[in-house]
Amino acid sequence: MTEKDQNADTRINMMDTPFPMRGDLPKREPGWVKDWNEGGLYKKLRAARRGAPLFVLHDGPPYANGKLHIGHALNKVLKDMIVKSKQLAGFDAQYIPGWDCHGLPIENAIEKLHGRNLSRDDMQAKSRAFATEQINQQREDFKRLGVLGDWERPYRTMDFANEAGEIRAFKRVIERGFVYRGLKPVYWCFDCGSSLAEFEIEYADKKSDTLDVAFEADDNAALAAAFGLPKLPGEGTKKAFAVIWTTTAWTIPANQALNAHPELDYALVDTPRGVLLLAASLVEKCLERYKLEGTVIATAVGEKLRGLVFRHPLHDAVTEGEGGAYSYRRKSPLYLADYVTATDGTGLVHSAPAYGVDDFNSCIANGLAYDDILNPVQGNGVYAPELPFFGGQHIWKACARVIEVLGQSDRLMSTVEITHSYPHCWRHKTPVIYRAAAQWFVRMDEGEGVFTKDKAPKTLRQLALDAIDQTQFYPENGKTRLRDMIANRPDWCISRQRSWGVPVPFFLHKDSGELHPNTMAILDQAADIVEKGGIEAWSRVTVEDILGATDAPSYTKSTDILEVWFDSGSTFRHVLRGSHKDAYDREPFHAEGPEADLYLEGHDQHRGWFHSSLLLGCALEGRAPYKGLLTHGFATDGQGRKMSKSLGNTVEPQTITSKMGAEIVRLWVASTDYSGDLNIDDKILARVVDSYRRIRNTLRFLLANVSDFDPAKDAVTDDQLLEIDRFALARAAQLQADIRAHFDAYEFHPVVSKLQVYCSEDLGAFYLDVLKDRLYTTAPKSLARRSAQTALYRITHGMLRWMAPFLSFTAEEAWSTFGNSESIFMETFSDFGAADDQLLAKWSRIREIRDLVNKDIEVVRTAGQVGASLQAEITVTAPAADHALLASLGADIKFVFITSKVTLQAGETMAVQVATSQAPKCERCWHYADDVGHNSDHPTLCGRCVSNLHGEGETRLVA
């Protein structure tokens, strides 16, 4: 307690606190991070909650490559807030951070640093070292953001136990009948040099040339017969053509068939260029595009065209045998397919089965053998050298040459440049293609797998769709998005042709391509080897080591790896149920399967981690590995634009932390609706800083005014509390119920909003405003002051817990001066009891009346007739109900209105009269009172202050 000045008669209870007004966050926060880590806070939190119900948020592993960006900060802070709110709710809320360590981005980084010609062993060793270095850097940045977790023992997908666990998970997926090997067109990225999963595809605009290409009929008589004609016009002098339309000129050299829709109407059109086969509904548009006049001579339904044969458009541009297997002197049979449309183009589709899923399925269904599929595009995007005209050229550069040669061969009807949406690699942002390759797949629908032992009762698609219905989504619209993706996705290609990843430990027969009959036992053997020495140990294993001298000459060792989505998608099994199972070895986390309460990532992970985890959870256990999915938007600039270095609009969390403090990053995350994108720039951060200051200043006031309060000795029982103090606690109970409901729904921006309103309106503009006189002027140990302090003490306890999930550093700093345990996170939410609805309703109306009174006082103040409200004397006329309400305040009514005198009278309507007090002003409490100076020993004090300082003290009943 300090004296306001040297005069004992003006002494008031002005308290102080070591909790400073200035946060000085960049300087203070690192100290808390150090204390938390060196003091082993996370382990102590686990001990404090031992035996409590579990809450399991399984961490979606960020990639161990590059420094943290604002999206990382957003994601980790949101997870941290949820875990801390559950910890405060009494749960044993574990947080085991993880990292995704394998895959192409790290290989790319190594190739940039060390070149592209590294051996497999060298690539793996350098990748492991690089990932370790990246993890150490990212871990420190995450800790600096105030994220509490088991940083000493995170999970890493490259840990030997997890690599081995992934192989065991792969074996189980095989046993359940979902894995098969097939030649199929899969997304292929030339920059990756590997196949891609659906998850790794994004769409962006691409410029392409459209081509209308003519395929000469091999048998004009057969074409005429299909249309019921005895012959075609100009027999012997005029050629007939089927015309296709495509946007992929590079696929023309690999054409092997044409497709028509069986139920569409087709027309034969006589033109100066020849007789053209086109969809009947598109004839006019096509002729206009070709700048031709023409006459329809016959029509027929597509079904009639089955079995017609046409020639490759470059059939006559080469000599017999030129190009070997890739010679253009080949035929293109016409098949029927439902995927053909007449919405644009010509109503006929050319099929290059190696480069399109529909083309592939159509050709295979019509008897084309796998070995006969032409695939001249190599993994780097370059045509095979023996391909006539285009060999050795990259397909994107060769498109112009294809168009040129078609034109020279008189097979190009039209070409136009367009811009269209096209699939791109989400890592390299470059266009991808479909490319046929022998790969390992996870089957979505019915079919036979390899080495099936315990076949699942439903297809993977059915299991996944059922699991989605059992999952809670935050926000709810995520359910439709994920359901649509699962309903329409193709089989999952899980193999990659890279080095840094978990191996597909198969041995394939050199002649038949069949797996070794002991494959399932080999998988167990591989897992054991990897568990002891990592994937590097398996790379060093030879065919002879595993198969022995007898079988080894007949088999080759697969060099494929499992794609990185299999890595992260299976972590629930070999992390939660494996490497870290000691953290989850009790109810309600059942031993028979995965049961995480929540997965939380950006909304792009509906096609990423959420997706792969769902498929593997259902493949392995028949259900999703999570009860709930929460998605957040992306961090964007103040105008809502995506951040990019080229725009110069990036915001780095490290910069904010060093200038403003991590607390500001945390408050930005908490105060923004994460269901959409989260805008951030300097102006937005400045508003966040203002919000932080308001909360901190309120907290400092609370801490200061309970600094001399010992609850063990000074606390007042509920029945002794003044009514306004009981109301304040009821309001706190009401607010806490709202806050906890928001926390339970993983909502934070409403909490921040309500906390700010509470600080400024409920506390600052009302309760604390009313309370100051009682806190400052009543006797230090009086019931009146101790009642107020009891309420403030309990409110402060509650408020620190409300803010701790997001303002973690500030709450911990305040707790160090106020609390009675090592950390605020050891605590649980305060028990305010049930809110007194009747009391809340009463004081809600009193506050409304007080607002009316303040408006009338403000009018008089603006006119210069009074200064502070204490100079005013008011007469309040109120109707019966309000009169009874105000009368119940007794003499304390003047403290509620913060005026020196209140006269209450009954009337028909509410009215307020404001007058300037003519009484002298008390030097201590600043009230204007007639009894100022009545005590000659204290000539500047009112009777109330004399009593509070030198007598028995005043009695307060309500306020």
Side-chain angles (χ1 to χ4, degrees), residues 4-5 10 12 14 690 693-694 697-698 701 724 727 756-778 842-934 939-945 954 956 958-959:
K4 188 177 178 183
D5 56 33
T10 60
I12 62 174
M14 185 67 76
D690 286 341
R693 285 173 180 157
R694 285 195 293 272
N697 288 342
T698 301
F701 181 91
I724 196 173
F727 159 70
Q756 288 176 317
V757 170
Y758 180 72
C759 288
S760 60
E761 300 297 326
D762 292 271
L763 295 181
F766 179 64
Y767 182 58
L768 299 183
D769 198 28
V770 172
L771 212 60
K772 286 176 183 176
D773 183 87
R774 182 154 44 111
L775 286 170
Y776 296 160
T777 69
T778 59
K842 173 182 177 178
W843 281 90
S844 176
R845 178 55 184 159
I846 290 172
R847 288 182 64 179
E848 291 173 357
I849 296 171
R850 184 176 183 269
D851 290 340
L852 295 174
V853 170
N854 285 340
K855 287 180 182 178
D856 288 325
I857 292 175
E858 186 59 32
V859 171
V860 177
R861 191 203 321 272
T862 302
Q865 297 176 25
V866 297
S869 64
L870 283 173
Q871 194 177 357
E873 296 182 356
I874 60 173
T875 300
V876 179
T877 302
D882 288 336
H883 184 276
L885 206 66
L886 296 175
S888 71
L889 302 179
D892 288 355
I893 189 172
K894 70 173 185 175
F895 299 115
V896 174
F897 290 129
I898 313 181
T899 58
S900 289
K901 185 177 181 181
V902 178
T903 301
L904 181 62
Q905 58 188 28
E908 293 294 324
T909 58
M910 180 68 68
V912 179
Q913 291 178 304
V914 182
T916 304
S917 177
Q918 302 303 311
K921 178 181 178 181
C922 175
E923 189 177 9
R924 180 172 180 266
C925 69
W926 295 2
H927 280 248
Y928 291 77
D930 292 332
D931 61 354
V932 172
H934 281 200
T940 62
L941 301 185
C942 66
R944 186 170 65 92
C945 283
E954 68 177 308
R956 297 282 188 97
V958 177

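Quick caveat, the model's predicted, so the values are computed rather than measured.
- Summarising the geometry, atom CD belonging to Gln905 is positioned 6.5 Å from atom CD belonging to Gln913; distances are rounded to the nearest 0.5 Å.
- Rounding to the nearest 0.5 Å gives a distance of 8.5 Å between CD1 of Ile724 and CG of Leu889.
- In this structure, Asp931 CG and Cys945 SG are separated by 9.5 Å, a value rounded to the nearest 0.5 Å.
- The backbone N or O of Ile12 sits nowhere less than 3.5 Å from a side-chain atom of Arg924 that would complete a donor-acceptor pair.
- Between Asp773 and Cys925, the shortest heavy-atom distance links the atoms OD1-CB, 4.1 Å.
- Scanning for salt bridge (charged side-chain N to carboxylate O under 4.0 Å, His left out) contacts around Glu954 gives Arg944, Arg956, with sequence neighbours left out.
- Under the rule for a salt bridge (charged side-chain N to carboxylate O under 4.0 Å, His left out), Lys772 has no partner lying at least two apart in sequence or in another chain.
- The list of salt bridge (charged side-chain N to carboxylate O under 4.0 Å, His left out) pairs with a residue in residues 867-891, not counting sequence neighbours, reads Arg845-Asp882.
- Between Glu858 and Lys855 there is no salt bridge, since no side-chain N of the basic residue sits under 4.0 Å from a carboxylate O of the acidic one.
- Here CE of Met14 is found 10.5 Å from CG of Leu775. Values are rounded to the nearest 0.5 Å.
- Separating the CD1 atom in Ile893 from the CG atom in Leu904 is a distance of 5.0 Å, to the nearest 0.5 Å.
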Audit row: Tyr767, Asp762, side chain to side chain contact (heavy atoms under 4.5 Å, CB included) steps and yes/no: CA-CA 6 Å; Tyr767 182 58; Asp762 292 271; over 6 Å; no
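- Here the CD1 atom belonging to Ile857 is positioned 11.0 Å from the CD atom belonging to Gln871, to the nearest 0.5 angstrom.
- Within a 6.0 Å radius of CG in Asp851, more than 12 heavy atoms belonging to other residues, nucleotides or ligands are found.
- Within the 4.5 Å cutoff, no side-chain heavy atoms of Lys921 are placed close to those of Val932.
- Residue pairs meeting the salt bridge (charged side-chain N to carboxylate O under 4.0 Å, His left out) criterion with at least one member in residues 883-895: none, sequence neighbours excluded.
- Between Ser888 and Lys842, the shortest heavy-atom contact is OG-NZ, 2.9 Å.
- Screening residues 895-906 for salt bridge (charged side-chain N to carboxylate O under 4.0 Å, His left out) gives no qualifying pairs among residues at least two apart or on separate chains.
- Glu761 contributes no side-chain N or O that, together with a main-chain N or O of Cys759, makes up a donor-acceptor pair within less than 3.5 Å.
- Closest approach of Ala878 and Leu886 over heavy atoms only: CB-CD1, 4.4 Å.
- Aromatic ring pairs are classed by plane angle as parallel below 30°, tilted from 30° to 60° and perpendicular above 60°; the pair Trp843 and Phe727 is parallel.
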Intermediate values then yes/no, side chain to side chain contact (heavy atoms under 4.5 Å, CB included), Tyr928 and Thr916: CA-CA 10 Å; Tyr928 291 77; Thr916 304; over 6 Å; no
Ile898/Arg850 under side chain to side chain contact (heavy atoms under 4.5 Å, CB included): CA gap, chis, key distance, verdict: CA-CA 10 Å; Ile898 313 181; Arg850 184 176 183 269; 3.2 Å; yes
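- The two residues Cys942 and Cys922 have their closest heavy-atom pair at N-SG, 3.4 Å.
- Between the Arg694 side chain and the Gln756 main chain, no donor and acceptor come within less than 3.5 Å of each other.
- Screening residues 895-914 for ring pair (Phe, Tyr, Trp, His ring centres under 6.0 Å), with sequence neighbours left out, gives Phe895-His927.
- A donor-acceptor contact shorter than 3.5 Å links the side chain of Ser900 to the backbone of Leu870.
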Chi angles and distances behind the side chain to side chain contact (heavy atoms under 4.5 Å, CB included) call for Val876, Met910: CA-CA 7 Å; Val876 179; Met910 180 68 68; 4.0 Å; yes
